[in-house]
Amino acid sequence: MLYDVTRILTPHTAVFPGDTPVSIAPTLQMRAGDSCNVTAITMSAHAGTHVDAPRHYSDDGVGIDDVPLDVLIGPARVVTLDVAGAITTADLQNAFRDLPYAIRAAPRLLIRTRASDTPDDVWDDSFAYFDPQAAEWLGANGLRLIGTDAPSVDPATSRALPAHRAFLRHDVVIVENLRLQGVPDGEYELLALPLKIAGGDAGPARVVLRR
Ligand SMILES: [Zn+2]
């Protein structure tokens, strides 16, 4: 069973306020007499479902082309948290008490919140984000990848990006803007492959869960 947990890219895809909107425009069209159809795409690297590279929050961080593939493919766990505001360490511990064991078994964690119900073309900045202590705690327990259905692991208004930085300190890769609607909690194989953009601060990705 495959679950496509990727948001769709259209000219209406919601992006961070002020960020470049998605443009998908034909440069060749068969119905206009051209020999084939060709499309030009303009978009922020953070539009839709994407993987953040450390370069996003540190000039010294690696680009998306250097994020190791073995982190982006492998055992993952989906957990639903009905949290508004900050996701705390206690929220995570309540969600599953055997968390340190679970992280060793599946060092990729995808958090499903109400944001999965937000349509792809609607911007809603009331999404749940990570308390930096929770990010620290996950990293200290050996997590390698965190996925969220929200547009960011920090609040929309954050400039300091403390959760991004806490995950970075532990080399935890961040996947944002997943769409986990209809995906039952449990264990999966994650396949999250961002575009190989030289030095990119992020890469749009098709993300799939296999049961
Ligand atoms: Zn991002």
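Everything numeric here is computed off the predicted structure, so don't read it as measured data. First listed ligand is number 1; within each ligand, the first listed atom is number 1.
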- Message: I'd like to know if the side chain of D91 reaches the main chain of T88, judged simply by a donor and an acceptor atom lying under 3.5 Å from each other, with no hydrogens or angles considered.
- Response: yes
- R165 side chain to A160 backbone, donor-acceptor under 3.5 Å: yes
- Query: Under 3.5 Å, side chain of R108 to main-chain N/O of L145, donor-acceptor pair present?
  - Reply: no
- Task: Would you indicate whether the side-chain heavy atoms of V38 and Q29 approach each other to under 4.5 Å?
- Result: no
- Task: Only protein N/O/S atoms count here: give how many lie under 2.8 Å from the Zn ion (ligand 1).
- Result: 4
- Okay, side chain of T113, backbone of L81: is any donor-acceptor separation there less than 3.5 Å? no
- Note on the structure: Checking V5, V79, T148, V207 against L180 for side-chain contact (heavy atoms from CB on, under 4.5 Å), the one that qualifies is V5
